[in-house]
Amino acid sequence: MSLHPMKLVTVICESVLEEQVVELLRDCGVQGHTAFDVRGSGSQGLRNAEMRECGNVQIEVIVKPEAASSLLENLRAKFFEHFAMVAYESEVRVLRPQKF
Amino acid sequence: MSLHPMKLVTVICESVLEEQVVELLRDCGVQGHTAFDVRGSGSQGLRNAEMRECGNVQIEVIVKPEAASSLLENLRAKFFEHFAMVAYESEVRVLRPQKF
Amino acid sequence: MSLHPMKLVTVICESVLEEQVVELLRDCGVQGHTAFDVRGSGSQGLRNAEMRECGNVQIEVIVKPEAASSLLENLRAKFFEHFAMVAYESEVRVLRPQKF
Amino acid sequence: MDFFSTIESNLLSPAVLFFALGLFAAVTRSDLKFPEALYTALTLYLLTAIGFKGGVAVSEAGLAAVWQPLLAAVGMGCLIPLVAFPLLRRLGGFDQANAGAIAAHYGSVSAVTFIAATNFLKNIAVPYESFASAFIAVMDSPAIIMGVMLGKGSLSRGASRPDQGLRRTLRDAVLGRGVLLLVGSLLIGMLSGKRGMASVEAFFVTPFQGVLALFLLEMGMVAGNRLGDLKKVGPFLLVFGLAAPLVHGSLGALLGTLAGLSVGGTTLLAVLAGSSSYIAAPAAVRLALPDANPAYSLTASLGITFPFNIVLGIPLYFEIAKFLHR
Amino acid sequence: MDFFSTIESNLLSPAVLFFALGLFAAVTRSDLKFPEALYTALTLYLLTAIGFKGGVAVSEAGLAAVWQPLLAAVGMGCLIPLVAFPLLRRLGGFDQANAGAIAAHYGSVSAVTFIAATNFLKNIAVPYESFASAFIAVMDSPAIIMGVMLGKGSLSRGASRPDQGLRRTLRDAVLGRGVLLLVGSLLIGMLSGKRGMASVEAFFVTPFQGVLALFLLEMGMVAGNRLGDLKKVGPFLLVFGLAAPLVHGSLGALLGTLAGLSVGGTTLLAVLAGSSSYIAAPAAVRLALPDANPAYSLTASLGITFPFNIVLGIPLYFEIAKFLHR
Amino acid sequence: MDFFSTIESNLLSPAVLFFALGLFAAVTRSDLKFPEALYTALTLYLLTAIGFKGGVAVSEAGLAAVWQPLLAAVGMGCLIPLVAFPLLRRLGGFDQANAGAIAAHYGSVSAVTFIAATNFLKNIAVPYESFASAFIAVMDSPAIIMGVMLGKGSLSRGASRPDQGLRRTLRDAVLGRGVLLLVGSLLIGMLSGKRGMASVEAFFVTPFQGVLALFLLEMGMVAGNRLGDLKKVGPFLLVFGLAAPLVHGSLGALLGTLAGLSVGGTTLLAVLAGSSSYIAAPAAVRLALPDANPAYSLTASLGITFPFNIVLGIPLYFEIAKFLHR
Ligand SMILES: Nc1ncnc2c1ncn2[C@@H]1O[C@H](COP(=O)(O)O)[C@@H](O)[C@H]1O
Ligand SMILES: Nc1ncnc2c1ncn2[C@@H]1O[C@H](COP(=O)(O)O)[C@@H](O)[C@H]1O
Ligand SMILES: Nc1ncnc2c1ncn2[C@@H]1O[C@H](COP(=O)(O)O)[C@@H](O)[C@H]1O
Ligand code: NA
Ligand code: NA
Ligand code: NA
């Protein structure tokens, strides 16, 4: 069995953005994603999950190493100015690289 | 204080598999795990969390570096053919290595 | 666009500790955090999310590389003796380093 | 009341209208969304309430009056997969696993469709055996076991090799949450009887119709989200999703009549036979027949058969029952 | 009953007291917390129930009796942002986006405040048009669209460049879950009428007051958690959060009187005009006007105007309505 | 009605039967599972409803009639940890922290056991003081504070060093969600009285028994999941979990009789004394006594004492109360 290096891009943003972020992922040619609701704090204050309108969501995507930085760049360009958002990449090693 | 390198193995799969994956982890000698419900999309289409029957779960386990690839191999052998599943490993550094 | 190396510190602990962990983060000068409810097993047995009193929470924080180990050390000193807790760090690369 | 006015009365019930609203929300991609916990809570409530009510009714009617129709219901649960499987294999061209999975879904029943049918009968003032909800509790397990065995070829090939997965299937079919809740609440209803009912009626009975309406809003969204998959599953499954309920429902009506049920009770058994599962079957079948693609069984169940039954099937089964009782 | 005893009766209602308990829990940082799924479930229930009840009432009263007050309500939804926007711009010094966002929130309505007001009227035995809850369903969309257009400058600058975001805003304003649930349930109520009501009354009507009380416990916590932001938003917004409801409410009372509503109905229209949204508006406005800081609109809505209306505003609007009807 | 028929009537109530179903589901490892949000929502509802009902009853009875039994209840809350602690230390061999933690749990009360007891009394037609649910609201805080101080040795060693953690404990004991909801709703009930009750009765009172039954299904599962830990905690805790409720319950019955309560009211105070907490105590104690192993206190509370009380304890306390009132 061999493992293949990939990038995991993680985005934490306001729940209202989930649909738009997923759309952007699709536009960037990403094949899948995983999302879950989180709560958190940051420069824009506390975001507890009580009201969905003010909630946070964490979105994780595995992409080919070369695709990660353009994806992050697109996220930055589209959302960073106006919205609470944190985005980062890290290294992972997957089975079945053809999936991603 | 010293940190010890370990592997974090992440599995994203259908909720109905959670019990079986956790069993397999135990059979592989893994000491603990963490799980949470997620939603996502992939080659098998959208899996929103609305109905538990069609939900997704993310399972994370910290294991000794040398144990990671055999664990992934076992997961692959048992589940990859039939089920929606994504699995990857990454490097982490823990306190208290004896725990894992 | 340039990415900046940071550390992601992950803490998995009993839900009753969330408030205290977040306080400690703030005392260590960390600017933000993300948290979500998880279930899991470990040396202290099964912790399913059914009763909030016995639940688990996962807390993730991005910090400057040099801050990670002192943060972990503080967590260890304050909680490890008495509470179910797992903590580890990993490498990530973020946009906008000034945020963290 | 003639056929069309019964259909109209069905279509204008809050339950069906909320279902339509859910469909609309899904199709227009509104941000309306039920949290998973609410879906689960509503399911829990509905299954518990149905089982309990059925149990109290059984304790009132006495087992003597009940065992025959109950046996007919169990028979239906076994029979339908046997009818559906060869059709799916030969006409539909499905492989063994997928045919077994779909057969298990259609042998199982939809509790929500059943309740919609009891509402329908109440609306048009047709009486029915109140122990009928006990049927729901006994049809799923045999159907799932039958469908899974067909899907695994255990029936045709005989038990040549010791099948380890079968034990798990049996467990899932009997202890899966759907069946456990229904059978458990049924027994609770039988044991605590009228006096038990008096204490919990205001929770399990009085607000029931309203809860169902809210749940159908959610089911409308779930079904609507499945509509996109209709193209993928192909024309055969679409036809099957409309024809199977009619065939199974007619069988159910026949058996119900033979078992001595009233027109109302016969309608309800037909509705159960014609309905297909999306609570008990999916989880059990997914684990037992991993090679079956859940998109087929769920899309047919939720995207075609469920709406069809809610909107048109129920009045049709009633007409069939009336015809057989003439 | 004089002014102070109506206030007292309002303050000692379970709903208002539970709101106070929630405030207390938030301020003392108790570990009391509603799961998000429960918040969403309660919202779903309340909106569906209000819409449905309003719809049944409309079907009873007949459209002829309803269209005029309904038009007045739509007018209010359009008018209030136009009144609030210049105030926020000039006196408050807010930039265009923030002024538009806040204006959209105040043009929209708070369903919970509305119900608290109907309770208040029931308590002091003042009758009102039962179709009044239909108003809620029609005020949010125009207000959100108006506020967003003001915030984007689409109104002043004309449609010089094709605005791609506007389509999304329109969709969010009309298909956002708040409006969809209200309008959808209203239509369901109208279509299924009295007979539909009979079947679901025990869920959507009878326990309603109690559910509201529980929800207000949660709203108290949400509002209490916002109190900390009060310092940040500055004194103008504090004054605005108290003065705007009075101005808008008086406008609403005037229009209601002109549209021929009774004292009770006029009070309710005034309450809607004076209330501000925290369900429909936030999500739609956040996406349409991303430069607006949600802290402003939500803190004013939830931290100032909502508590003010629940505690003092409602009896005040009633006095104004009485005065105008003299 | 003799002893065995009261036991039988208790065992065949829907609440106890649903508890048994939950136990069964856990033991057979069914996939039945309550979402955490539902558990929290049911807890919220039950605590709010109990507090509110108690408050209305207090406002009806007048403080004059209530203060004496209430004082007895507070006394019980302080007394039980003092009784249990030395037993746990000496006979059980527990260290200070664990003994204090368990003592705090047993001094605190189980609201659900209390309600099951009121059902039991209703079933066998024994009247009781309706303000009795006010007792629940006042026993937890003193018991938790007492248990924590014992567990920290603050009582024996005196306040030698300024204990920073104690402030937090006090806060948690008084503002923890369990106590806050109970006391808050009690006050709301007292303030809004009969008129408030009229408006929210259909939510907080009528469906209550049914909600409790559903909650006991969940509690059965939670208790069943704890059964596996029974082996680990050792035989002493098993004996303690059965004997302590009897000792504490008898004490409660004695004090209740002395405080002038009726047989019914005495039974209820005994039930509270004999019951142990799994809502208020765990969280507060976990933070205040981190060295205590929660497996001990929770397994004893949930796995032994709770089922024992639900099934056998309640009729026993009733017999004791009858005996003392002869
Ligand atoms: N340092 C951090 N570590 C982890 N998560 C963070 C951090 N800063 C912000 N976040 C998350 O990102 C969201 C938006 O951040 P912000 O834009 O800074 O308010 C917050 O609500 C948190 O959930
Ligand atoms: N590229 C990806 N990045 C992150 N998560 C993914 C990705 N692809 C699939 N997943 C997750 O894995 C699940 C199963 O994937 P699949 O088998 O491709 O349908 C999906 O529902 C997602 O939650
Ligand atoms: N090896 C592991 N991998 C992932 N999560 C773990 C692991 N061990 C423990 N945990 C998590 O940390 C929590 C506390 O662990 P423990 O203190 O070992 O009981 C558990 O409930 C799990 O959620
Ligand atoms: Na069927
Ligand atoms: Na308004
Ligand atoms: Na006690």
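Chain naming here is simple, since letters A, B, ... match the order of the sequence lines and numbering starts at 1 in each.
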### Task
Using non-hydrogen atoms and a 4.5 Å limit, figure out which bit of E/Phe24 sits close to chain F: side chain, backbone, both or neither.
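When you check distances to chain F, only side chain atoms of E/Phe24 fall under 4.5 Å.
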### Task
Check each atom of E/Leu217 against the heavy atoms of chain F and say whether the ones under 4.5 Å are side chain, backbone, both or neither.
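Only the side chain of E/Leu217 comes within 4.5 Å of chain F.
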### Query
Using non-hydrogen atoms only, which part of F/Tyr45 is less than 4.5 Å away from chain E: side chain, backbone, both, or neither?
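Neither part; nothing is under 4.5 Å.
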#### Entry: Structural part of F/Ser185 lying under 4.5 Å from a heavy atom of chain E
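Contact with chain E: backbone and side chain both.
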### Message
Looking at F/Ser275 and F/Ser110, would you say the former's side chain and the latter's main chain have a donor-acceptor pair under 3.5 Å?
### Response
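The answer is yes, because a donor-acceptor pair under 3.5 Å joins these two groups.
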#### Entry: Proximity of E/Phe114 and E/Phe135 rings by center, below 6.0 Å
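No; E/Phe135 has its ring centre 6.0 Å or more from that of E/Phe114.
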### Message
For E/Tyr39 and E/Phe34, I'd like to know if the aromatic rings sit close, meaning centre-to-centre distance below 6.0 Å.
### Response
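Ring centroids of E/Tyr39 and E/Phe34 are no less than 6.0 Å from each other.
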### Query
Are F/Phe306 and F/Leu216 side-chain neighbours, meaning at least one heavy-atom pair lies under 4.5 Å?
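Yes, at least one pair of side-chain atoms sits under 4.5 Å.
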### Query
Does the side chain of E/Thr305 come within less than 4.5 Å of E/Ser301's, by heavy atoms?
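Not touching, per the 4.5 Å side-chain cut-off.
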### Message
Using a 4.5 angstrom heavy-atom cutoff, name the option from E/Leu38, E/Thr206, E/Val211 with the most pairs to chain F.
### Response
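Heavy-atom pairs under 4.5 Å are most numerous for E/Val211.
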